Number of protein chains: 2
Amino acid sequence: MSKKEIILSKALELFASRGYDATSTRQIATEAHVSEGLIFRHFHNKEGLLEAVLLQGINKATQYIEPILEMTDPRQIIESAICLPTHVPIEEHEFWKLLYTLKWQRANYPQEAFDQLQQKLTAAFESLGFESPELEAQLIEIYIDGLATEILLRGGDPTALTQKILTKYFKNEH
Amino acid sequence: MSKKEIILSKALELFASRGYDATSTRQIATEAHVSEGLIFRHFHNKEGLLEAVLLQGINKATQYIEPILEMTDPRQIIESAICLPTHVPIEEHEFWKLLYTLKWQRANYPQEAFDQLQQKLTAAFESLGFESPELEAQLIEIYIDGLATEILLRGGDPTALTQKILTKYFKNEH
DNA sequence: GTCTATACCAGGATAGAC
DNA sequence: GTCTATCCTGGTATAGAC
């Protein structure tokens with residue numbers, strides 16, 4: 001791992017656990033065993049470091065959503081979307097916590113990937129003949145956020161809740 | 001309004017719009033037309049000021065939930081809970097934004113009122129004969145959060161979504 | 001209760017050597 | 001690419017007079 005990568009991973013870790021504002025570049029440098037100046041050489045300023053951290057995470061996140069975008073069976077699309085939160089490995093939890101925090105405190109947080117998922121879901125509900133596909137897709141997004149909150153914030157086991165939600169859509173099959 | 005109250009209301013306004021960390025006591029003092037020292041006389045430190053701001057807001061929030069806690073008709077309880085977010089007046093939006101932000105970045109954020117609502121909802125679902133009342137109550141909480149997000153973050157009109165959710169529970173009546 | 005003045009430190013950021 | 005040293009600002013907080 002290059003020093004640049006070490007900085008990036010330590011920054012993610014600290015931003016996620018303490019928050020962006022509460023984390024100083026000093027701290028990051030110390031924990032990464034790197035001089036503070038190096039951070040600014042590589043990322044220009046603190047904001048730039050945050051953006052790099054986000055970009056890195058977003059790429060990982062897109063990999064979850066991409067497979068769904070390629071599916072054709074509407075039921076499989078909906079089910080996969082709902083189950084999305086349960087497939088996030090523990091080592092990525094901190095990153096997602098950071099993302100949800102930023103969602104509430106920064107206007108321009110990245111969410112293109114989710115918009116694509118939203119469209120895919122709308123199409124899926126449409127092809128299943130639902131009355132208001134956009135609203136149904138929006139509801140799925142709400143379920144995803146709710147499950148994510150349960151996992152990331154309360155550290156709870158989401159399987160029971162996930163099952164419950166699934167039965168709302170696939171009553172006779174599960 | 002006493003100077004203490006002016007400080008409190010300005011602090012709420014600034015914490016909510018810019019965030020807690022990003023707001024300096026300097027700024028609060030200036031905008032409240034008050035010396036900075038006075039803030040620390042009244043609230044000991046910045047953290048104490050935040051707590052006072054929260055306490056004030058929580059009291060207001062409890063007033064929304066209390067009427068529901070006194071209801072007896074289970075259907076009315078569920079419906080009222082779902083409609084909760086639509087009844088928050090615009091001038092309180094900033095406060096709720098602050099609360100949702102803190103939910104993600106502070107461990108001990110106040111939520112007793114919501115826990116009470118949760119219990120009331122569980123009892124309501126139980127009396128209606130639902131299979132897993134706890135999970136159903138948790139789902140309502142997720143809906144509330146989802147609707148709040150729609151209103152506070154995207155500034156969207158939640159009525160269509162609220163109606164959609166209501167039909168999930170009261171299909172034949174609406 | 002309130003203000004003025006001030007201490008003091010930590011934050012982000014830069015310069016320059018290697 | 002990396003480190004050392006340093007700057008400067010602005011942040012929280014206190015002391016003491018009124």
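Keep in mind it's a predicted model, so treat the numbers as computed, not measured. Every chain is numbered from 1, with letters handed out A, B, ... down the list of sequences.
Side-chain atoms of Thr23(A) come within 3.5 Å of backbone N or O of Leu14(A) as a donor-acceptor pair. Remark: the backbone N or O of Leu102(A) is not paired with any side-chain donor or acceptor of Gln105(A) at under 3.5 angstrom.
Spacing between atom CD of Glu36(B) and atom P of dT14(D) amounts to 12 Å, rounded to whole angstrom units. dT2(C) atom P lies 13 Å from atom CE of Met1(B), rounded to whole Å. The interatomic distance linking Leu38(B) (CG) with dC18(D) (C1') rounds to 14 Å, in whole Å.
Residues Asp21(A) and Lys46(A) are not paired through a salt bridge, judged by the lack of any N-O separation under 4.0 Å between the basic side chain and the carboxylate. Look at Arg106(A) and Glu47(A) and you find a salt bridge, because one of the NZ, NE, NH1 or NH2 atoms lies within 4.0 Å of a carboxylate O, short of that distance.
For DNA chain C, the residues of residues 39-47 of chain A within the heavy-atom distance limit of 4.0 Å (strictly under) are Phe40(A), Arg41(A), Asn45(A), Lys46(A), sorted by number. If you check residues 2-14 of chain A against DNA chain D, the residues with a heavy atom closer than 4.0 Å are Lys3(A), listed by number. Near DNA chain C, defined here as any heavy-atom distance below 4.0 Å, the residues from residues 16-29 of chain A are Thr23(A), Ser24(A), Thr25(A), Arg26(A), listed numerically.
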May I have the step-by-step check of side chain to side chain contact (heavy atoms under 4.5 Å, CB included) for Asp115(A) and Gln111(A), ending in yes or no?
-> CA-CA 6 Å; Asp115(A) 288 343; Gln111(A) 60 155 222; 3.4 Å; yes
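Nearest approach of Ile140(A) to Ile78(A), heavy atoms of both residues: CD1-CG2, 4.0 Å. Scanning all heavy atoms of the two residues, the minimum distance from Phe95(B) to Ala16(B) falls at N-CB, 4.2 Å. A pairwise comparison of heavy atoms in Ile7(A) and Ala32(A) identifies CA-CB, 4.3 Å as the closest pair.
Cation-pi geometry between Lys4(B) and Phe43(B) is met: the NZ or CZ atom falls under 6.0 Å from the ring centre, inside 45° of the normal.
No more than 12 heavy atoms of other residues, nucleotides or ligands sit less than 6.0 Å from atom CZ of Phe114(B).
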